[in-house]
Amino acid sequence: MALGDHPGDEALHTAWQQFCRQLEAAGERVFKDYNPATPDHRADAFRFLTQNLGQAFDLALETKDTRYPALHPFCTPTRKLGSDAADFLYLQAWIDGDSVYRIAGNRGTARFLNFTVQGQRPEFQPGTQIPSLHDPFGDIPEANLFAHQLECDADGNFELFIGGPKRGPNWLPSTPNTRKLFLRQGFDRWDELPADMSIERVDMDSPRPLPSADDMIAAMAWAGKFVLAVMDDWPDHPYQYSPFVDPINVNAFPPDPAGGVGQDDQKRGRAVASLCWQLADDEALIIEFDAHDGFWMVSNMGVFFNSLDYQYRPVSYTPARTKIDSDGKVRLILSHQDLGYHNWLDTQGFERGNVCYRNLLSTNSTEFNTRLVKVSELASALPADSVKVSAQQRAMLLKQRFNSIRRRYRI
């Protein structure tokens, strides 16, 4: 048997060749001007590409049939995309507006939990000339349910229905434009546990059919567009269009960073601010803001807005895991080396990157102050009582992080 022995061979072969060409073109984007020409940055860009190559066909084929939905782990410690927050756990499921779905399981203990039904994905974001991010981003939130709205039994067990007639408080409506369910869990303390849940179509009564040749051709087309767009849109899209991002004036948050919060962010229950940083070997950046009672999180990311190695390194902070100085301010120290302060934000040695701040269940803005200092001058730039840690204490903190992330992702 050889190519051409079956009438469908040529279409499959052509689709595969096109996918391979798109993958090759995606690899060329590693060398774009936004990505510094260093071995570490180039390698990280290829890692970003290959991580998402790994999920391309999960999204395009394995979980694509809305009649047989699955909760796909969209970002993990080994798969980063879309300005993913290190302390969020993201799941998505392709769904449709004709079916009724049931999610059942245990709510877990994460401080933040959100179910969002996503609708159509327009070419441009409504009311703007901003092109939508690549698929599976860019779709419009239709309905939301937060943890405080979810009714559970005494042990945290719940059922949630999506679509069809209303079924009490644990129900989300769908529309003819519905295409996706997106789930986010936000963790504050290291001992918080993730939800344990699954999804099914209510009237499912037969096994999932095997993908056809046409399904495979469509999946190759989707996956090829996906890997190419991933490398095209990051970091270019946020650099060009996001009101939260200023790639020119580095080491500072844009003025009034939450001023660009739109209806979509309000529906998702968040205010977002981003800082593009650039550090020399002998520099440190102090990021300062007032401590508050809200649930905020800070994540350090690479050039492609991919979270850094949060399983092994201190690249993220939340209120429960942050030390506050006696003047009531949070001060995070972004630096290439561990300078002995509790609130160290590791750069992993990269020259450039991005820090993202999220204020959850709020659209209130936060006032930031940043100071770029020489490492040799850091102590004099910080309050005398800024909490320091020994090498042994740092090792214990990293071990806590490691164990918590393994529990969170069951690895």
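Keep in mind it's a predicted model, so treat the numbers as computed, not measured.
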Quick one: ring-ring contact (aromatic ring centres under 6.0 Å, His included) partners of [X], sequence neighbours excluded?
X: F88; answer: Y90, F112
X: F137; answer: F74, H134
X: F304; answer: F48
X: F57; answer: F19

Nearest 0.5 Å please: distance from the [atom1] atom of [X] over to the [atom2] atom of [Y].
X: N306; Y: L81; atom1: CG; atom2: CG; result: 9.0 Å
X: Y101; Y: I199; atom1: OH; atom2: CD1; result: 7.0 Å
X: R410; Y: L193; atom1: CZ; atom2: CG; result: 8.5 Å
X: L334; Y: L339; atom1: CG; atom2: CG; result: 10.5 Å
X: F124; Y: I130; atom1: CZ; atom2: CD1; result: 10.5 Å

Measure the shortest side-chain to side-chain distance between [X] and [Y] over non-hydrogen atoms and say whether it is less than 4.5 angstrom.
X: D139; Y: F182; result: no
X: W234; Y: L133; result: yes
X: E367; Y: D290; result: no
X: P254; Y: F244; result: no
X: L382; Y: I333; result: yes
X: W94; Y: P136; result: yes
X: L285; Y: L279; result: yes
X: P314; Y: L398; result: yes

Test: side-chain hydrogen bond (donor to acceptor under 3.5 Å, both in side chains). Region: residues 45-54. Which pairs qualify, not counting sequence neighbours?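 Pairs touching residues 45-54 that pass the test: N52-Q55.
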Hey, is the main chain of [Y] close enough, under 3.5 Å, to the side chain of [X] for a donor-acceptor pair?
X: S380; Y: E377; answer: yes
X: W296; Y: L360; answer: no
X: R42; Y: N35; answer: yes
X: Q185; Y: A195; answer: yes
X: Y341; Y: L332; answer: no
X: N170; Y: E159; answer: yes
X: S274; Y: V245; answer: no
X: T63; Y: A70; answer: no
X: S404; Y: W190; answer: yes
X: N359; Y: S362; answer: no

Ring centroid separation Y357 to F253 under 6.0 Å: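 Not close enough - the centres of the two rings lie 6.0 Å or further apart.
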If you take all heavy atoms of [X] and [Y], which pair is closest and at what distance?
X: S132; Y: R121; answer: O-NH2, 4.1 Å
X: A381; Y: I286; answer: CB-CD1, 3.8 Å
X: L160; Y: L145; answer: CD1-CD2, 3.7 Å
X: V389; Y: L397; answer: CG1-CD1, 4.2 Å
X: P319; Y: R111; answer: CG-NH1, 4.3 Å
X: L71; Y: S198; answer: CD1-CA, 3.9 Å

[X]: what forms a salt bridge (Lys or Arg N to Asp or Glu O under 4.0 Å) with it, not counting sequence neighbours?
X: D135; answer: R179
X: D84; answer: none
X: E200; answer: R102
X: K225; answer: none

Using a strict 4.0 Å threshold on nitrogen-to-oxygen distance, state whether E192 and R189 make a salt bridge.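 Yes, E192 and R189 are salt-bridged.
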K329/D327 ion pair, N-O < 4.0 Å: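 Not counted as a salt bridge, because no side-chain N and carboxylate O are separated by less than 4.0 Å.
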Step by step, would you call Y310 with D346 a side-chain hydrogen bond (donor to acceptor under 3.5 Å, both in side chains)? CA-CA 10 Å; Y310 52 79; D346 192 352; over 6 Å; no
Please list all pairs meeting salt bridge (charged side-chain N to carboxylate O under 4.0 Å, His left out) that have one or both residues in residues 392-407, counting only residues at least two apart or in different chains.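 Only D338-R394 qualify under salt bridge (charged side-chain N to carboxylate O under 4.0 Å, His left out).
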Strictly by modelled atom types, are N300 and W277 linked by a side-chain donor-acceptor pair under 3.5 Å?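 Note: N300 and W277 side chains meet the donor-acceptor criterion.
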Relative to Y68, does R208 satisfy both conditions: NZ or CZ under 6.0 angstrom from the six-membered ring centre, and within 45 degrees of the ring's axis?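 The answer is no; the distance or angle limit is not met.
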Listed by chain and number, what are the side chain to side chain donor-acceptor pair (under 3.5 Å) partners of N157, not counting sequence neighbours?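 Side chain to side chain donor-acceptor pair (under 3.5 Å) list for N157, sorted by chain: N106, D153.
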Take atom CG of D33 as the centre, draw a 6.0 Å sphere, and report whether it contains more than 12 heavy atoms from other residues, nucleotides or ligands.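 It does not: D33 CG has 12 such atoms or fewer within range.
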Check residues 209-220 and write down every donor-acceptor pair under 3.5 Å in which the side-chain atom is one partner and the other belongs to a residue at least two apart or another chain.
unit_1: S212; atom_1: OG; unit_2: D214; atom_2: N; d: 3.4
unit_1: S212; atom_1: OG; unit_2: D215; atom_2: N; d: 3.1
unit_1: S212; atom_1: OG; unit_2: D215; atom_2: OD2; d: 3.2
unit_1: D215; atom_1: OD2; unit_2: S212; atom_2: N; d: 2.9

Determine the interplanar angle of the F158 and F115 rings, folded into 0 to 90°, and report it as parallel if under 30°, tilted if 30 to 60°, perpendicular if over 60°.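 Ring orientation of F158 relative to F115: perpendicular.
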Which of these passes side-chain hydrogen bond (donor to acceptor under 3.5 Å, both in side chains) with R321: D188, D87, N343?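 So the option named by the test is D87.
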Hey, mind stepping through S386 and D325 against side-chain hydrogen bond (donor to acceptor under 3.5 Å, both in side chains) and telling me if it holds? CA-CA 6 Å; S386 286; D325 289 334; 3.1 Å; yes
